[in-house]
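The structure appears below as structure tokens.
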Amino acid sequence: MPSPRSRRESADYYRDRRRRKVCNFCVDKAESIDYKEVNRLRRYLSERAKIEPRRKTGTCARHQRMLTTALKRARHVALLPYAPQHLRP
């Protein structure tokens, strides 16, 4: 019978072996991210209208910086919200 410690270590091993997320912009070979593509940008906002982190979306560092700039530009031009709409009771 395996000891509790070895069982725990094997569980930790499988937990850390998650599949790495792939940057969608790298897959599409995007050179730039257009702030006018609202439907594409909306995927990278949370339900509270906050920019999702890289660890959650899987974007690379280069495209995350470009994505942040595009989202902020779209907010400035009022294509995307700064804050979520108020929930009705």
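Note that the structure is predicted; figures quoted are calculated from it, not measured.
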* When rounded to the nearest 0.5 angstrom, what distance separates CD1 in Ile51 from NZ in Lys56? -> 13.5 Å

* To do: Tell me, with the steps shown, if Arg40 and Phe25 meet side-chain contact (heavy atoms from CB on, under 4.5 Å).
  => CA-CA 11 Å; Arg40 188 171 190 185; Phe25 298 106; 3.3 Å; yes

* Partners meeting side chain to side chain donor-acceptor pair (under 3.5 Å) with Asn39 (sequence neighbours left out) -> none

* Between the side chains of Gln64 and Thr59, is a donor N or O closer than 3.5 angstrom to an acceptor N or O? -> yes

* Straight-line distance of Cys23 SG to Arg54 CZ, nearest 0.5 Å -> 9.0 Å

* To do: Enter the distance from Leu71:CG to Lys50:NZ here, rounded to the nearest 0.5 Å.
  => 14.0 Å

* Heavy-atom closest contact (Ala70 atom, Tyr35 atom, distance) -> O-CB, 3.4 Å

* To do: Please check if atom NZ in Lys21 has more than 12 non-hydrogen atoms from other residues, nucleotides or ligands closer than 6.0 Å.
  => yes

* Side-chain touch Glu52/Leu67, heavy atoms, less than 4.5 angstrom -> no

* Is there side-chain contact between Met66 and Ser32, with at least one heavy-atom pair below 4.5 Å? -> yes

* Non-hydrogen atoms of Ala30 and His63 that approach each other most closely -> O-NE2, 3.1 Å

* Shared hydrophobic cluster for Val22 and Tyr44 (ILVMFWY, side-chain gaps under 4.5 Å) -> no

* Pair Lys72-Tyr82, side-chain contact (heavy atoms from CB on, under 4.5 Å): steps then yes or no -> CA-CA 9 Å; Lys72 290 177 180 180; Tyr82 276 101; over 6 Å; no

* Asked: Any side-chain heavy-atom pair from Asn24 and Arg43 closer than 4.5 angstrom?
  -> yes

* To do: Might you work through the side-chain contact (heavy atoms from CB on, under 4.5 Å) test for Leu80 and Arg42, ending with a clear yes or no?
  => CA-CA 8 Å; Leu80 290 173; Arg42 219 177 268 273; 4.1 Å; yes

* Asked: Does Arg73 come within less than 4.0 Å of Asp34, counting only side-chain N to carboxylate O?
  -> no

* Asked: Looking only at heavy atoms, what is the nearest atom pair of Ala49 and Ala83, with distance?
  -> CB-C, 3.9 Å

* Apply the test side-chain contact (heavy atoms from CB on, under 4.5 Å) to residues Leu41 and Leu79: give CA-CA distance (whole Å), side-chain angles for both, the deciding distance (0.1 Å), then the verdict. => CA-CA 10 Å; Leu41 296 177; Leu79 296 174; over 6 Å; no

